[in-house]
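Heavy-atom basis, side chains included; hydrogens, waters and symmetry copies ignored. Residues take their numbers from the sequence shown, with the count starting at 1. As the structure is a prediction and not an experimental result, all values here were calculated from the model.
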Amino acid sequence: MTDALERVGNVATFLARDVDKVAAFMPLRKAGSIGRPIGDADWIEALEARTGRTLAPAKRGPKVGSSGVK
């Protein structure tokens, strides 16, 4: 809780801010539609280590060496 208070400061002022709700929720909508977690790279790496699963987006396209393609 202390970390949150240090980042936000006065909670009432923070909650009273005028926020563009569409822009604020866009990352959540995007992450939810593709099934990926939302967070910084360090947090996602920690989740990957804990779960043993790849959660960060991988490079697109065929893998080098598959089907003889270089």
Side-chain angles (χ1 to χ4, degrees):
M1 185 74 166
T2 303
D3 291 337
L5 290 175
E6 288 174 2
R7 283 192 303 257
V8 172
N10 184 307
V11 176
T13 302
F14 177 77
L15 294 175
R17 295 182 312 162
D18 185 27
V19 177
D20 180 358
K21 291 180 177 83
V22 173
F25 282 99
M26 191 57 65
L28 292 172
R29 288 190 177 118
K30 182 179 178 186
S33 69
I34 59 175
R36 298 233 180 250
I38 187 169
D40 65 18
D42 291 337
W43 186 77
I44 292 175
E45 286 176 16
L47 279 178
E48 288 178 334
R50 288 176 62 190
T51 62
R53 297 182 64 195
T54 301
L55 302 171
K59 185 177 177 182
R60 294 183 179 195
K63 294 179 183 176
V64 175
S66 66
S67 305
V69 177
K70 290 187 180 182

CG-CG distance between Asn10 and Leu15, expressed to the nearest 0.5 angstrom
9.0 Å

Closest heavy-atom pair, Val11 versus Val8, reported as atoms and distance to 0.1 Å, is CA-CG1, 4.2 Å

Residue pair Ile38 / Pro27: nearest heavy atoms and the distance that separates them:
CD1-CB, 3.4 Å

Could you tell me whether the side chain of Arg17 and the main chain of Phe14 form a donor-acceptor pair under 3.5 Å?
yes

For residues Trp43 and Leu55: do they belong to one hydrophobic cluster (side chain heavy atoms under 4.5 Å, members Ile, Leu, Val, Met, Phe, Trp, Tyr)?
yes

For Val19 and Ala24, the nearest pair of non-hydrogen atoms, with its separation, is CG1-CB, 3.9 Å

